[in-house]
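First up is the structure itself, then whatever we jot down about it.
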Amino acid sequence: MTEAEGSFDRVRVIKSSRPFSLRLGELWQYRELLYFLVWRDVKVRYKQTVLGAAWAVIQPVTAMIIFSIIFGRFANIPSNGLPYPVFVYAGLLAWLYFQQSLTQSSASIVGNAQLVTKVYFPRLVIPLASVASPVVDFGIALTVLLALMAWYGIVPGIELLAAPAFLALALLVAFGIGLWLSALNVRYRDVPYALPFVAQVWLFATPVIYPTSLLPADWRWLLSLNPMTGVIEGFRWSLLGTGKPSVVVVLVSLGSGLALLASGFAYFRTSERQFADVI
Amino acid sequence: MTNAIEARDVAKRYVLGSQRAAYDTLREDVMRLARRLVTRRPEGRRQRGEVWALDGVSFAVRSGEVVGLIGANGAGKTTMLRLLSQITEPTLGEIRLRGRVGSLLEVGTGFHPELTGRENVYLNGAILGMRRAETARKFDEIVEFAGVERFIDTPVKRYSSGMYVRLAFSVAAHLEPEILLVDEVLAVGDAEFQKRCLAKIEGIGGSGRTVVFVSHSMPTILRLCERALLLDAGKLVADGEPSMVVGAYLGGEHGSMSARSWRDDTAPGDDSVRLRSVRIVNRTGATADTVDMRDEVGVEVSFEVLDRRVPMTPMLALYTERGEHAFNALDPSLSWENPLDAGSYVTTAWIPGNLLNEGRYIVSAFLNTIGPGRLERKAVAQEAVAFYVVNRGDGISAKGLLVQQWGGAVAPLLAWETSRRDEPAHVG
């Protein structure tokens with residue numbers, strides 16, 4: 001036996017009134033499963049498509065072109081002094097990561113019903129894997145942004161160092177909501193119907209196609225209750241160097257993101273006990 | 001010796017409605033909540049529409065013990081395994097597990113058809129709780145055991161179902177948990193592979209690891225397990241020596257009925273003759289549920305002749321559990337051509353040892369009158385009794401010492417004569 005954990009002496013108690021616990025150590029033990037699930041998702045996604053990874057680019061580029069024509073050209077929405085295509089693409093990049101994560105994570109537990117009913121492992125790994133795997137698409141689509149920036153002659157500054165932090169915030173928010181939705185979807189299959197609609201509304205409630213500066217200063221904090229506001233603004237600023245979000249916006253977004261994560265975690269942990277029975 | 005598994009008063013409730021509907025919609029839950037607010041029905045009381053799949057089950061399994069879990073369908077075996085493997089949790093009671101648990105409730109869990117054999121081995125290994133390094137170390141062994149070396153880089157969707165199952169079982173069989181939970185996954189693959197699977201499980205049991213094994217195959221339970229637990233309708237009804245527990249199962253109302261009797265007018269028959277009882281007996285004359293395949297087994301038929309004018313002859317038909325008609329038999333002796341006096345009779349037909357195959361046989365008994373050139377059935381007891389034939393694997397039978405399943409309605413031990421036809425070659 002190669003198990004370094006020395007699990008032989010550990011006693012596992014299974015009962016219904018188990019105290020609520022984070023059990024993060026267990027999650028760490030299953031880190032390789034997380035890796036394999038992400039790897040499976042990515043591999044399978046591109047294995048049977050003709051265009052493969054190109055899909056990760058086609059979607060945001062198409063959206064960018066449409067938005068640039070409608071909002072940049074016709075509606076003349078301001079864009080922090082940047083060319084509108086770059087402005088909207090940077091926002092879309094983070095937004096599409098978020099949206100893809102929600103779509104995948106909300107369906108993740110039900111989609112892996114076969115695993116959930118046959119093998120034990122920390123169920124958290126499933127939604128976590130499905131918010132992690134879209135990072136690959138995000139990375140591919142990012143290359144187009146770099147090309148656009150080069151085309152328009154935009155050189156990122158020292159702010160670039162903050163970009164990973166905002167990506168991490170996006171992941172955190174997506175994971176928090178993903179926990180809610182994946183667990184809710186086990187019980188209520190309404191989720192896949194509601195999600196596209198909610199995501200669409202949410203897109204317009206987030207400064208993706210417009211800058212926060214479009215709103216009166218007194219109301220901006222309200223927008224930042226939406227945690228994606230901090231993500232989009234921050235991400236755009238860190239790459240393009242203009243439209244710096246206020247510390248308040250970032251902190252409020254971080255706070256509401258953490259609240260979503262904590263509540264999602266609690267809801268998931270309490271409902272995961274019934275997954276195998278209900279699914 | 002420490003206990004690897006301790007279950008205390010374990011109970012599991014399923015609510016039928018939610019199980020059948022598989023999932024609720026938000027609307028239904030809102031409605032239910034509204035109703036509950038209005039009617040204030042107390043929760044937690046036992047209600048209609050709920051099923052206790054397990055009801056107050058307690059047992060302990062010592063480390064290194066190989067335990068068989070048996071019972072009819074719906075007795076709670078699978079629920080017990082699901083609880084032990086932490087897939088779901090008990091409604092009441094608790095389970096303590098000491099050691100790393102590996103469960104094999106299904107072969108090929110998490111296999112993805114688009115991925116290659118190699119990729120699936122790693123993925124499946126991770127799902128079953130193996131470290132990547134561990135899988136890498138055992139990789140060659142896994143592939144060799146499955147016999148799919150040539151196709152290991154082919155997507156498994158192109159595999160034959162046999163190859164798929166062999167690879168899947170092979171990954172699981174190389175798991176090295178301290179506690180292994182196995183559902184009836186051995187009933188896969190061809191006979192040759194099943195034999196290897198059984199040997200593998202036997203090896204795991206022999207290596208000091210704890211195994212809990214669910215099976216419907218009594219011969220397998222008798223061969224592999226040191227101890228057996230019998231579940232019936234969610235309750236633990238027997239615990240001990242496998243032969244004793246298997247006997248209890250087969251004799252119980254959910255097993256075969258190896259003896260049956262009738263009183264009065266409900267008995268099969270008519271005004272001329274009535275069947276009174278049919279039972280399976282062993283050589284000592286005792287009622288037997290289970291017989292060794294090497295031993296002879298008797299079918300004892302009691303009947304009452306009411307009208308002496310009609311000549312009667314008893315007849316048997318044996319069927320396998322799969323419904324194959326194994327054979328018919330009647331006594332060809334001439335004495336049956338003479339009518340019997342009114343009164344009670346008993347006749348026993350002896351089926352020789354080394355004729356029946358392993359498994360369950362169902363016996364129908366008849367009383368016929370012999371008309372001119374044909375039989376007329378006077379009393380019919382279809383599927384009157386049943387019994388199990390087991391192979392303890394320690395002696396001579398038609399399949400020798402082989403352990404795999406052996407096809408055929410019967411497995412007679414034949415007399416083989418072998419001689420050499422050509423002249424022996426001269427040596428030197």
Side-chain angles (χ1 to χ4, degrees), chain A residues 1-18 26 29-37 39-41 43-48 110 112-123 125-126 184-191 193-194 272-279, chain B residues 6-8 10 12 14-15 18-19 22-29 63 82-101 103-106 109-115 119 122-135 137 155 176-178 183:
Chain A
M1 296 296 296
T2 52
E3 286 311 288
E5 276 78 20
S7 51
F8 201 88
D9 294 313
R10 218 183 56 224
V11 178
R12 227 182 254 258
V13 180
I14 311 167
K15 58 181 179 180
S16 59
S17 53
R18 213 166 27 181
E26 189 186 48
Q29 275 188 6
Y30 278 85
R31 62 192 181 278
E32 284 187 351
L33 177 59
L34 175 66
Y35 163 77
F36 275 112
L37 289 180
W39 170 85
R40 177 195 70 177
D41 282 357
K43 195 135 195 170
V44 169
R45 185 148 12 116
Y46 294 127
K47 215 160 187 172
Q48 265 208 323
V110 171
N112 285 292
Q114 196 214 7
L115 290 186
V116 171
T117 54
K118 296 293 179 192
V119 195
Y120 174 78
F121 53 85
R123 306 311 189 200
V125 173
I126 296 178
L184 278 170
N185 193 30
V186 172
R187 195 165 269 279
Y188 311 107
R189 304 288 161 98
D190 304 65
V191 172
Y193 299 99
E272 71 177 337
R273 301 172 174 188
Q274 266 107 49
F275 282 172
D277 296 336
V278 178
I279 210 162
Chain B
E6 283 167 31
R8 278 187 216 133
V10 171
K12 177 71 182 175
Y14 283 104
V15 179
S18 75
Q19 210 178 16
Y23 56 86
D24 312 332
T25 61
L26 188 57
R27 185 171 51 89
E28 284 163 5
D29 257 22
S63 321
R82 280 159 67 108
L83 291 177
L84 292 175
S85 33
Q86 302 179 74
I87 290 164
T88 178
E89 46 181 46
T91 313
L92 300 167
E94 67 171 57
I95 295 168
R96 282 166 187 274
L97 298 169
R98 207 168 273 115
R100 179 178 157 186
V101 178
S103 59
L104 245 176
L105 303 199
E106 184 187 70
T109 306
F111 260 50
H112 199 289
E114 294 295 334
L115 300 177
E119 291 165 342
Y122 281 95
L123 176 63
N124 196 229
I127 288 168
L128 295 174
M130 269 195 254
R131 291 261 176 282
R132 184 150 53 139
E134 196 181 339
T135 313
R137 206 177 58 242
E176 288 181 352
E178 283 123 13
D183 203 349

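Predicted, not measured: the structure shown is a model, and the values here were computed from it. Every chain is numbered from 1, with letters handed out A, B, ... down the list of sequences.
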Is the side chain of A:Glu32 donor-acceptor paired with the backbone N or O of B:Arg132 at a distance under 3.5 Å, no angle test? yes
Residues passing the salt bridge (Lys or Arg N to Asp or Glu O under 4.0 Å) test with A:Glu26, sequence neighbours excluded, are A:Arg12, A:Arg23
Go through the atoms of A:Phe275 and report whether side chain, backbone, both or neither lie under 4.5 Å from a heavy atom of chain B. neither
Taking all heavy atoms of A:Val119 and all of B:Ile87, pick out the closest pair and write down the distance. N-CD1, 3.7 Å
Leading residue by heavy atom contact count with chain A [cutoff under 4.5 Å; candidates B:Ala7, B:Ser85, B:Ser103]: B:Ser85
Let me confirm one number: the CZ-CG distance from A:Phe36 to B:Asn124, rounded to the nearest 0.5 Å. 11.0 Å
Output the option from B:Glu6, B:Lys12, B:Met130, B:Arg8 having the highest count of non-hydrogen pairs under 4.5 Å with chain A. B:Lys12
Contact summary for A:Gln29 and B:Arg131, nearest pair of heavy atoms: O-NH1, 3.3 Å
Hey, is the main chain of B:Gly110 close enough, under 3.5 Å, to the side chain of A:Arg40 for a donor-acceptor pair? no
Measure across B:Thr88 and A:Arg273 and return the closest heavy-atom pair with its distance rounded to 0.1 Å. OG1-O, 4.2 Å
Contacting region of B:Thr109 [heavy-atom separation from chain A under 4.5 Å]: both
Contacts of B:Arg96 that satisfy salt bridge (Lys or Arg N to Asp or Glu O under 4.0 Å) - sequence neighbours left out: B:Glu94
Should B:Asp183 and A:Lys118 count as side-chain neighbours, where that means a heavy-atom distance under 4.5 Å? no
Given heavy-atom pairs under 4.5 angstrom as the criterion, report whether the side chain, backbone, both or neither of A:Val116 touches chain B. backbone
